[in-house]
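Shown next, in structure tokens, is the structure this report addresses.
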2 protein chains.
Amino acid sequence: MTTQTTADLLRLHKLRPTRQRVALAALLFDGAPRHVTAETLHGQVKDMGITLSLATIYNTLHQFTKVGLLKEIKGIGDATWFDTNIDQHHHFFDITNDHLIDIPASSITISNLPDSPEGKVIEGIDVIVRLSDKHYSE
Amino acid sequence: MTTQTTADLLRLHKLRPTRQRVALAALLFDGAPRHVTAETLHGQVKDMGITLSLATIYNTLHQFTKVGLLKEIKGIGDATWFDTNIDQHHHFFDITNDHLIDIPASSITISNLPDSPEGKVIEGIDVIVRLSDKHYSE
DNA sequence: CAATTAATTTAAAACCATTCTAAACTACTT
DNA sequence: AAGTAGTTTAGAATGGTTTTAAATTAATTG
């Protein structure tokens with residue numbers, strides 16, 4: 001994705017294409033699915049020779065989430081993850097290396113869910129499948 | 001549960017029945033299913049006129065978890081929850097009031113899960129069903 | 001295109017849940 | 001009763017995240 005279209009993408013969402021936001025958007029929205037935390041993204045950006053404050057990373061991740069460019073995933077590991085896959089979906093979480101893999105919502109069938117309590121509706125369902133290394137000994 | 005049997009329960013798990021642990025065990029293991037965080041438990045204990053340091057609450061919750069008296073639930077809301085239901089199970093989480101309700105594992109059927117990545121095995125599956133208030137308008 | 005305005009970025013402080021530390025205390029053993 | 005090992009505690013430290021207020025920069029206006 002060129003810098004030009006990245007700027008356009010931001011403008012499309014009413015976000016000023018600042019140097020910082022363009023850098024982050026270019027990195028995040030290059031087409032490959034990505035899972036980042038504020039810290040991992042900060043590191044990746046630093047590796048590219050760009051210095052951004054962590055506060056800006058947080059601000060930007062939240063802004064991108066608000067306009068629908070990212071999906072926020074809490075409750076996996078210790079930090080908050082942001083996912084470029086914004087469709088409803090679930091996750092494998094590899095506890096050996098804190099790695100996330102998407103599972104399309106259509107790839108899991110959940111049935112026989114008990115009734116919701118009176119007056120409550122289901123807002124969403126999150127499935128986390130924890131993975132660890134297979135051990136061949138025994 | 002009487003103080004005597006609470007002390008016995010603790011001794012059974014090789015935990016000294018200190019004043020603090022007896023108070024917490026009596027509160028937690030009275031038969032009703034309970035979901036607590038360190039903060040909610042600290043508040044409940046304080047309401048009973050007993051003063052315990054937060055550090056002790058954390059220590060004790062972790063010790064109870066280690067011996068199998070509690071189950072630790074991370075990733076729901078901002079704090080770590082501890083559940084007196086130690087069976088494998090899932091949760092409704094009411095986002096309007098941070099209230100948890102257990103869903104027995106047997107009450108949910110999950111099928112068609114994609115294959116785990118090569119060399120990985122499933123450690124566990126966590127399902128969180130987020131609830132909010134039903135709105136009748138529209 | 002210079003000046004103004006409003007949004008953005010930033011360093012640093014603050015926050016909150018949790019853990020650590022090291023000293024004081026207490027249950028159990030002798 | 002004395003010793004010792006386990007436990008509790010206040011307070012400091014930690015880690016992820018948010019807030020604050022000042023400095024900077026993008027967009028707008030004249």
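Because the structure is predicted, anything quoted here is derived from the model rather than measured.
- Rounded to a whole Å, the CZ atom of B:R21 is 10 Å from the C1' atom of D:dT8.
- Note that the two end axes of the helix from C:dC1-D:dG30 to C:dT30-D:dA1 enclose an angle of 10°, each drawn from 5 base pairs, rounded to 10 degrees.
- Rounded to a whole Å, the CD1 atom of B:I73 is 17 Å from the C1' atom of C:dT18.
- A:Q63 pairs with exactly one of A:K14, A:H13, A:R21 by the side chain to side chain donor-acceptor pair (under 3.5 Å) rule, that one being A:R21.
- For A:L61 and C:dT8, the CG to P distance is 15 Å, given to the nearest whole Å.
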Can you tabulate the close N/O pairs, meaning under 3.5 Å, that link protein atoms to atoms of nucleotides 1-3 of chain C?
none

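- Atoms CD1 and CG, from B:I50 and B:L24 in turn, are 8.0 Å apart once rounded to the nearest 0.5 Å.
- Of the side-chain N and O atoms in A:S53, one or more sit less than 4.0 angstrom from OP1 or OP2 of C:dT10.
- Residues forming a ring pair (Phe, Tyr, Trp, His ring centres under 6.0 Å) with B:F82 (at least two apart in sequence, or on another chain): B:H62.
- Listed by chain and number, the residues in a side chain to side chain donor-acceptor pair (under 3.5 Å) with A:S53 are A:T56 (sequence neighbours excluded).
- Each salt bridge (Lys or Arg N to Asp or Glu O under 4.0 Å) pair with one or both residues in residues 75-85 of chain B, not counting sequence neighbours, appears once here: A:K74-B:D78.
- Here A:H91 pairs with A:H35, A:H89 under the ring pair (Phe, Tyr, Trp, His ring centres under 6.0 Å) rule; sequence neighbours left out.
- Note that the CG atom of A:L131 and the CD1 atom of B:I125 stand 9.5 Å from one another [nearest 0.5 Å].
- Between the P atom of C:dT9 and the CD atom of A:Q63 lies a distance of 7 Å, rounded to the nearest Å.
- Sorted pairs that involve residues 41-52 of chain B and meet side chain to side chain donor-acceptor pair (under 3.5 Å), not counting sequence neighbours, are lacking altogether.
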* For every nucleotide of nucleotides 15-20 of chain D, 5' to 3': is a protein heavy atom under 4.0 Å from its base (B), only from its sugar-phosphate (S), or from neither (-)? -> -SBBB-
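- Taking CH2 of B:W81 as the reference point, atom CG of B:L100 lies at 5.0 Å (rounded to 0.5 Å).
- Here D:dT7 presents its P atom at 16 Å from CD1 of B:I57, a figure rounded to the nearest Å.
- If you check the side chains of B:T65 and B:E72, you find no donor sitting under 3.5 Å from an acceptor.
- Residues forming a salt bridge (charged side-chain N to carboxylate O under 4.0 Å, His left out) with A:D126 (at least two apart in sequence, or on another chain): B:R130.
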* Structure fact -> Given protein heavy atoms under 4.0 Å, the one-letter contact record of nucleotides 22-30 of chain C, with B base, S sugar-phosphate only and - none, is simply -----BS--
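- Listed by first and then second residue, the side chain to side chain donor-acceptor pair (under 3.5 Å) pairs involving residues 113-122 of chain A are A:K120-B:D94, A:K120-B:T96, A:K120-B:D133 (not counting sequence neighbours).
- Partners of B:F64 by ring pair (Phe, Tyr, Trp, His ring centres under 6.0 Å), not counting sequence neighbours, listed by chain and number: B:F29.
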